[in-house]
Amino acid sequence: MKSVTGQTVLDALDAIPAGRTLRAAAADLAGVHVVGGAVRDLLVGTSPRELDVVVDGDPADLIARLDELGGADPGLGVVRHARFATSSVDVAGGRIDIARSRRERYARPGALPDVEPAPLADDLLRRDFTVNAIAVSLSDGRLDAAAGALDDLAAGRLRVLHDDSFTDDPTRLLRLARLRSRLGFTVDPHTADLASAAGLGSVSLARIGTELRLALAEPDPVAALAALAELPGLPLDVDRDLIGRAADLLVADGRADLLLLGTATRRRAGTAWLAGLELTAHERDIVLATWDAGPLARAIAAAGGLPSELRAALGRQPVEAVALAGALGPAEAAGRWLGDLRHVSLEIDGGDLIAGGIAPGPELGRRLDRTLARKLDGHLPPGREAELASALLPDPE
């Protein structure tokens, strides 16, 4: 990495829409700094996902200006997080996270920190790794960094700021793995020793869930999960070949992140662990369905490729579970269901059958299911009239 200055960061900010909005909002405000991962990414030539801003003083004026200047959706407004006195503003081109400069104290290992206002120098020292402890003033381009931060960034090295870092916040172990995977940085030997001696036992499953979601949103989520799988205590098993085969089968309306999470956790995780991650009920149901992909693969094989039998086996299954089942076994049949057969439907409905003399009740559903099976298997001429005639036929003896 070439020699850098604060101006290097300001120039990089001017090249991205959210950066231009931030600079316009902070034009005549003192004590406003872009900081952390955003500075790191701008200095290594990548675009940050969001811009982290620290204000040495009250951030209210900056937040108000950003809300007025750059709100991508006026209905969103400013999101405030009272626990840490932080705020987020969505602007065109990205998100800006704002906090007052502060210091942190941990009441016990793994607890959320207690925070209080403090100078910028203290704010830098509370961070996880030296490469994230760099700040640039938006008013004059002054660059402030923790000791060794710029050297570590130039060397592509991840190093904690103090020996109690993983004890204070064990989720930093997860961030270490995630950043190592994304950035391709090496881990400082002393930091590696500290990480090996640490553990995740004091970390709540909810916080682990947050870090897993961040890993699944990485540019290479498979590599990120593989790095996390090396940590003791996480029930992850990353089979890259299986994940690749399943991903090839997944359709556009599927959730690649949930397919990956389900595939990586199906062998070692339990339902209590999964529940603790605080996924939505819908997300949890999809992951649980992927855990049953083995029996589902056997059901696909038993269907013998007959479309109506595939529907009977797969009709209520999430596409993520079907993709994994196909990766475990009959890929062609699973791909056929996902790509085409699951979209086949009838042109008639229960109202048509009632008009044709069938009494309301469960019989309507049975007749429609039977007719759809005939249509799937190619036993009906095309068109609505053929469907209705089939549905009105009495049940075969």
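Just so it is clear, the structure is predicted and the values come from calculations on it, not from any experiment.
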Q: Could you walk me through whether F166 and T191 pass the side chain to side chain contact (heavy atoms under 4.5 Å, CB included) test, one step at a time?
A: CA-CA 9 Å; F166 296 126; T191 296; 4.0 Å; yes
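- With rounding to the nearest 0.5 Å, the separation of CG in D11 from OG1 in T8 is 7.0 Å.
- Of the possible donor and acceptor atoms, one in the side chain of R245 sits under 3.5 Å from a partner among the backbone N and O of A327.
- Follow the hydrophobic side-chain contacts under 4.5 Å out from L376 and you never reach L306; the two are in separate clusters.
- For E387 (side chain) and E347 (main-chain N/O), a donor-acceptor pair under 3.5 Å exists by modelled atom type.
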Q. Can you check side chain to side chain contact (heavy atoms under 4.5 Å, CB included) on L13 and R20, steps first, answer last?
A. CA-CA 6 Å; L13 278 176; R20 292 193 291 271; over 6 Å; no
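- Under 3.5 Å, the side chains of N132 and R40 contain a donor-acceptor pair of N or O atoms.
- Across every non-hydrogen atom of A146 and L161, the tightest pair is CB-CD2, 3.6 Å.
- With no hydrogens or angles considered, a side-chain donor-acceptor pair links H190 and D163 at under 3.5 Å.
- The shortest distance between side-chain heavy atoms of V89 and R95 does not fall below 4.5 Å.
- Here the side chains of L179 and F185 are not in contact, with every heavy-atom distance at 4.5 Å or above.
- Taking both residues in full, the closest heavy atoms of L296 and A313 are given as CD1-O, 3.7 Å, listed atom of the first, atom of the second, then distance.
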Q: Could you give me the CA-CA distance, side-chain angles and deciding distance for L124 and V35, then say whether side chain to side chain contact (heavy atoms under 4.5 Å, CB included) is met?
A: CA-CA 9 Å; L124 293 179; V35 69; 3.8 Å; yes
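- Taking a 6.0 Å sphere around CD of E332, one finds it holds 12 or fewer heavy atoms contributed by other residues, nucleotides or ligands.
- Side-chain atoms of R207 and S204, non-hydrogen and from C-beta on, do get closer than 4.5 Å to each other.
- D340 has no carboxylate O lying under 4.0 Å from a charged side-chain N of R342, or vice versa, which leaves the two without a salt bridge.
- Pairing each heavy atom of P59 with each of V55, the nearest pair is CB-CG2, 3.8 Å.
- Within 6.0 Å of the NE2 atom in H343, the count of heavy atoms belonging to other residues, nucleotides or ligands exceeds 12.
- Atoms CD1 and CG, on I348 and L388 in that order, are 5.5 Å from each other to the nearest 0.5 Å.
- Distance alone, capped at 3.5 Å, is enough to place a donor-acceptor pair between the E283 side chain and the T280 backbone.
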Q: List the steps, then state whether side chain to side chain contact (heavy atoms under 4.5 Å, CB included) holds for L176 with D128.
A: CA-CA 9 Å; L176 179 68; D128 47 11; over 6 Å; no
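- With contacts defined as side-chain heavy-atom distances shorter than 4.5 Å, the pair T263/D239 does not qualify.
- The backbone N or O of P119 lies less than 3.5 Å from no partner atom in the side chain of D122, so there is not a single donor-acceptor pair.
- A 4.5 Å side-chain heavy-atom check between T271 and L274 finds every atom pair outside the cut-off.
- Distance check: L42 CG to I16 CD1 gives 5.5 Å after rounding to the nearest 0.5 Å.
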Q: Decide yes or no on salt bridge (Lys or Arg N to Asp or Glu O under 4.0 Å) for E116 and R102, but give the supporting numbers first.
A: CA-CA 5 Å; E116 62 183 14; R102 62 194 192 270; over 6 Å; no
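- A distance of 12.5 Å separates OG1 of T290 from CZ of R255, quoted to the nearest 0.5 Å.
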(Q) R366 vs E363, test: salt bridge (Lys or Arg N to Asp or Glu O under 4.0 Å). Steps then yes/no. (A) CA-CA 5 Å; R366 285 193 290 269; E363 178 67 15; 3.1 Å; yes
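- The 12-atom threshold is exceeded at CZ of R268, counting heavy atoms of other residues, nucleotides or ligands nearer than 6.0 Å.
- Each of L212, L214, L234 was compared with L174 under the side-chain contact (heavy atoms from CB on, under 4.5 Å) criterion, and only L234 meets it.
- With D257 contributing its side chain and L216 its backbone, the two residues share no donor-acceptor pair below 3.5 Å.
- In terms of modelled atom types and a separation under 3.5 Å, the side chain of T265 and the main chain of L261 share a donor-acceptor contact.
- A177 and A227 get closest at one heavy-atom pair: O-CB, 3.5 Å.
- Side-chain N or O atoms of R126 include none that pairs as donor or acceptor with a backbone N or O of V115 at under 3.5 Å.
- Counting heavy atoms from C-beta outward, D237 and R266 have side chains that stay 4.5 Å or more apart.
- Taking a cutoff of 4.0 Å between a charged side-chain nitrogen and a carboxylate oxygen, D220 and R182 do not qualify as a salt bridge.
- Closest approach of L328 to G294, counting heavy atoms only: CD1-N, 3.9 Å.
- Residue D377 holds its CG atom at 3.5 Å from OG of S308, rounded to the nearest 0.5 Å.
- Two residues are said to be in side-chain contact when any heavy atoms from C-beta on lie closer than 4.5 Å; R311 and L341 fail this criterion.
- Looking only at distances, no side-chain donor or acceptor of R180 sits under 3.5 Å from a matching main-chain atom of V187.
- Without hydrogens or angle criteria, D292 side chain to P295 main chain gives no donor-acceptor distance under 3.5 Å.
- A side-chain contact (heavy atoms from CB on, under 4.5 Å) with R127 is found for one member of D123, V131, L125, T130 and no other, namely D123.
- With 3.5 Å as the limit, one finds a donor-acceptor pair spanning the side chains of D140 and S137.
- The backbone N or O of T167 lies less than 3.5 Å from no partner atom in the side chain of D164, so there is not a single donor-acceptor pair.
- Contact of the H33 side chain with the L138 side chain is not registered, since no non-hydrogen atoms from C-beta on lie closer than 4.5 Å.
- In this structure, a donor-acceptor pair under 3.5 Å is present between the side chains of S165 and R172.
- Atoms CG and CZ, from D97 and R49 in turn, are 12.0 Å apart once rounded to the nearest 0.5 Å.
- In the model, R374 has a side-chain atom that pairs as donor or acceptor with a side-chain atom of S390 under 3.5 Å.
- Across all non-hydrogen atoms, the minimal contact from A323 to L249 is O-CD1, 3.5 Å.
- A salt bridge does not link R157 to D151: none of the charged nitrogens lies less than 4.0 Å from a carboxylate oxygen.
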